[in-house]
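Numbering of ligands and ligand atoms starts at 1, following listing order.
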Amino acid sequence: MSHPGVCRMCAGSVREFFDFGRQPLSDAFREPDDPRAEFFYRLAVGRCETCTMVQLLEEVPRERMFHQDYPYLSSGSTVMRAHFEGVAERFLSTELTGPDPFIVEVGCNDGVMLESIAKAGVRHLGVEPSGGTADLAAAKGVQVRKVFFEEATALDILRDHGRADVIYMANTFCHIPYVESVFRGVSALLTDGGVFVFEDPYLGDIVERVSFDQIYDEHFYYFTALSVRRMAHRFGFELVDVEPLPTHGGEIRYTLTRAGARTPSPAVDRLLERERETGLAEPETLLRLAAGVERIRDELTGLLRGLREQGKRVVGYGATAKSATVTNYCGIGPDLVEFVCDTSPTKQGRLTPGAHLPVRPPEAFAAPYPDYALLFAWNHADEIMAKERAFREAGGKWILYVPEVRVL
Ligand SMILES: [Zn+2]
């Protein structure tokens, strides 16, 4: 466990800029009759005064978050499936073209990306500590190990398979506080000319969209190009490319190589320059973000209470991990939102963490339609609104809350 206020990256001092209070685990969906006490921790976020890395002040033990029943499936969304097929195609045509190439994906979830690699007959290995999702990957023909990735894991893989041309993580690296062990592992496992590629939510998008619901237990770090470059240097690597992605409400794909192995793309300097110009990760910017979060909470709870007084029915859409921050921080319980519908069978019939909103299958949404739907899965807004066109045609209205509270 880390000591609050000490940077997990560089041991500098972390200054807190927002405290969401007591929060449950974002993916701990409960059976309605579960008698066990719910686990809570303090969700607070701060910035390292030395290396600028934005991070949580309290670390949740990894086994509490990633285990046999971890409910999130990467292939649950059409858009995400297409995204990961594109990632696989790109690796196959760029980095995996030598003789007998090898790719390792850390946090491979249900094998959504590696399935395409396996079909292409390329050597691969998924590392996935969440047992249930790892089983789904294996069922698709993906080679997978049910372990956490750290230095010892990398050395085991190296012994059994040799070095990897690509080490890839999607929505995984920011989950891992112990980066030093990861980098030692990557350093041992990666070929001299290989790439370490990871994509994670970008602090720039969180600030711009006031998407405070990106802040929850699993997201330990909130990267910027600057903090990632400093992290890379610390461990003998270089940031050679950055690529903005629309996934998960705004992410960056970072490409690292061993220092000196490749010339950085001009995109790196451009993004660093923009971060300097906008003062991203400067204390004033983060305090502005904090004020925005409080404003959204006040407006959203005001709107929901008003609708309750008018006798309107409000239903949530998408029992996302990030909705835990919204419902618990804003105090949105079943008195304000009747239930949440979600496509994941692993969540249906359960209660959302902390706020205890019942989770129902998508069919419940139209039976009958509510007056308002609070869109927790706002990062899939286009996909969902297209699918649920009949809701608005029936007079229903969507409520969104980032970057501001609005009714559509
Ligand atoms: Zn630091």
TODO: Return each pair, listed once, that meets salt bridge (charged side-chain N to carboxylate O under 4.0 Å, His left out) where at least one residue sits in residues 44-57; pairs must be two or more places apart or across chains.
DONE: Arg15-Glu49

Task: Centroid separation His124 to Phe102 less than 6.0 Å - done: no

Task: Aromatic centroids of Phe376 and Tyr317 separated by under 6.0 Å - done: no

Open item on the list: Going by ring pair (Phe, Tyr, Trp, His ring centres under 6.0 Å), name the residues that satisfy it together with Phe196, two or more places apart in sequence or in a different chain.
Closed with: Phe173, Phe183, Phe198

- [ ] Would you mind checking if Asp371 and Lys397 are paired as a salt bridge, meaning a charged N to carboxylate O distance below 4.0 Å?
- [x] no

Task: side chain to side chain contact (heavy atoms under 4.5 Å, CB included) partners of Val210, counting only residues at least two apart - done: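 So Val210 forms a side chain to side chain contact (heavy atoms under 4.5 Å, CB included) with Leu289, Val293, Ile296.
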
Open item on the list: If we only look closer than 2.8 Å, how many protein N, O or S atoms does the Zn ion (ligand 1) have near it?
Closed with: 4

